[in-house]
Amino acid sequence: MREFLTISGALNRVQATGLRAKATSTAKANELSETPFTLISSRQDAESALRAISGASILGADTETTGLDPMRSRVRLLQIATPEHAFVFDLFAYPALDDAPLRELLANPEVTKIFHNAKFDLKMLLYHFKLEVRGVFDTLLASQLIAAGRSEDRHSLAAVVERYLNQAVDKSMQVSDWSGQLSELQYEYAAKDAVLMLPLREAISERLAQLRLEAAAQLEMDCVLPIAAMELAGMGIDVKCWRELVTNLERAHDALSIELRRELSSGIPQLSLFDEPPTINVDSPAQVIEALARMGIKVEGTRSWQLEPLAKEHTAIARLLEYRSVQKLLSSYGLAILDHIHPVTGRIHADFQQIGATGGRMACSKPNLQQVPNTPEYRSCFRAPAGRKLVIADYSQIELRILADWSQDTALVKALFSGEDLHCVTASQMFGIPLDQVTKAQRAAAKQLNYGIMYGLGAPGLAARIDCTPEEAEGLIRKYFAAYSGVAAFLRESADRAVKQRESRTRSGRLITFSFDGGDRAQVAATQRLGKNAPIQGSSADIIKRALVLIHDALKPFDTRIINCIHDEIVIESAEAQAAEIAALLDHKMVAAAREFISSVPVTVDALISDAWLK
DNA sequence: TAGAATCGCCAC
DNA sequence: AAACGTGGCGATTCTA
């Protein structure tokens, strides 16, 4: 067993144990560098290390890996720190993660393991050692929760250590080569990162408690493992199907492009019939505006909502809109997505940012599997492999149900209990007419209001969407709030609170803070809209995250994995024979998750079994 | 010439 | 969109 005393090796261990939150930052810095560590490279080392660790209920933890991709790199070091001592397991020297005691320690939810960005380490440990780490405390997620939407706060380990411990951290070794012979400095660096987690958690936990964020934090910590597993599982894509789709789109794109250039050039005299179409770049809004001006069409911009009203009048504009939609699909969802197919698994392993939006929603990138066009052509390319099925489940109108539960609006609650088409019920309540007399236009208006009202939709916005005058829209909004006066009061209070207290909370207690110039009317109005929307959108995120946790745990006995999560929808891939059982389980767990946050209105989940990602 | 800003649009 | 919220991302255009 190799014993190391870092930097000031002369100091004894009694001194080194003194990791106390109340210590000054300077003292802390010294103490950190004094915590001794032991390199574990044999069975005997591991056994004695486990004896030393086993009494602790909170451990600093970290891993060093030979790369960032779990499927193409290996875990070299596992570092575990108690306040007294750190242990660096060199897994190349001795495979300690094959030993039951260490596995049990990591899997034990009663023993807290503190990581920074635990998703990374959990993926590595899950992939290489089939080990589900529980009892996670993630200082990255905690820091994001505390930031509560302040985008200026950074959350790298260095930034967080600086903020909470007022201490600089050396990350120079992070990208060093962890695959060969390691230097003493590398071991020391590795040990330090784990040791650092302990005081960092103390400082962060104190802050979480001050802000009453413990429950929200627990929800997030529980969610790391399901999300790590989801990323590892990845989503299968039918490459041939996708290529065909892209080829068809390219054909349409090329034809539309030529036609469009011709139509947009009607103001330019063409020298001869055999000339190439003019070299106008139809992807350039500036050039399109110029071309339209030559044709006598004046537009402020070329966004679809600006062009839409003119499309009936001018075929060139209709063509432009058509071209745009194809161009968008091609550029954003073209062959580029195939670059994300993993060479080892043949699947797409997107990157989910657990706290991606200020309200707590997840975000997804590389590629963004939350924005695949919702058309059969696209979605049918995401298919279950042979012998397997996709089980797709989504909440029905979850945000409206949160709004109803939160506001306790009698009419909205009743409408949700009725089980009737909600937009029809809303229309009937707005216009004071029986359900069967609701017209298409009335239902459309009610639908827009149901969807838009909690985002702070105003009369001009509604008018633009349902093709009526702002005055008429104003009247419709009045009718809506007359029918749902509890919703009106709730949203007003939410908006006021956001402006006055500069913060809101979701149902889990997640905090969202607002910074704005109170003297700026536009900024106040924007904050009011956020005050209405953020708690509801964020509570929806609370619910789906809770659902991920319940489902991940419940799925354990099955040959099944969560493969995507799109705000109110969860996609699972399962063995064909189990699909029906899984669908029922999904439904049950998603309802149970929602029940933890909303209890006074029904919650409905639509679950279906399919070969592809199709509804 | 690389990165930032802008425009535009997909998802929920 | 002096505007209904949250994101990611691609092409063009601007900037240092």
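If you're wondering where the values come from, they're calculated on a predicted model, not measured in any experiment. Below, chain A is the first sequence line, B the second, and so on; all start at residue 1.
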Tell me which pairs pass ring-ring contact (aromatic ring centres under 6.0 Å, His included) where either residue lies in residues 234-262 of chain A, with sequence neighbours left out. W242(A)-Y378(A), W242(A)-F382(A), H253(A)-Y323(A)
Atom CG of L338(A): over 12 foreign heavy atoms under 6.0 Å: yes
Say we look at dA1(C) and dT6(C): how far apart would their P atoms be, to the nearest angstrom? 13 Å
If I take atom CG in residue L310(A) and atom P in nucleotide dA1(C), what distance separates them, rounded to the nearest angstrom? 17 Å
How many angstroms lie between atom CZ of R243(A) and atom CG of L335(A), to the nearest 0.5 angstrom? 6.0 Å
Whole-angstrom distance between dT6(B) and dA2(C), as gauged at atom P: 14 Å
Sequence-distant partners of R150(A), side chain to side chain contact (heavy atoms under 4.5 Å, CB included), two or more places apart: A147(A), E152(A), D153(A), T513(A)
So CD1 of I512(A) and CG of N533(A): to nearest 0.5 Å the spacing works out to 9.0 Å
Sequence neighbours left out, what passes side chain to side chain contact (heavy atoms under 4.5 Å, CB included) with A498(A)? Give chain and number order. S504(A), F514(A), T527(A)
Write out all pairs satisfying side chain to side chain donor-acceptor pair (under 3.5 Å) with one or both partners inside residues 446-464 of chain A, taking only residues at least two apart or from two chains. E399(A)-Y455(A), H423(A)-N450(A), T426(A)-N450(A), N450(A)-Y480(A)
Contact class for A464(A) vs. all strands (heavy atom < 4.0 Å): base, sugar-phosphate, or nothing? base
Residues passing the side chain to side chain contact (heavy atoms under 4.5 Å, CB included) test with A311(A), sequence neighbours excluded, are I317(A), A318(A), L321(A)
For K532(A), all residues meeting side chain to side chain donor-acceptor pair (under 3.5 Å), sequence neighbours excluded: none
Mind checking what makes salt bridge (Lys or Arg N to Asp or Glu O under 4.0 Å) contact with K366(A), not counting sequence neighbours? none
Which of residues 607-615 of chain A sit near DNA chain C, with a heavy atom under 4.0 Å from it? none
Please test D351(A) against K119(A) for salt bridge (Lys or Arg N to Asp or Glu O under 4.0 Å), starting from the C-alpha separation and ending with a verdict. CA-CA 10 Å; D351(A) 181 18; K119(A) 187 183 77 174; 2.8 Å; yes
If you take any heavy atom closer than 4.0 Å to DNA chain C, which residues from residues 466-477 of chain A end up in contact? none
Need one value for S540(A): base, sugar-phosphate or nothing, where a base atom within 4.0 Å counts as base even if backbone is also close, heavy atoms only. nothing
Tell me, please, which residues at least two apart from S540(A) pass side chain to side chain donor-acceptor pair (under 3.5 Å). none
Boundaries of the chain A footprint along DNA chain B (any atom under 4.0 Å from a heavy atom): dC7(B) to dC12(B)
In B/S/- notation, 5' to 3', how is nucleotides 4-15 of chain C contacted by protein heavy atoms closer than 4.0 Å? BBBBBSSSSS--
Taking atom CZ of R595(A) as the centre, report whether more than 12 heavy atoms of other residues, nucleotides or ligands fall under 6.0 Å from it. yes
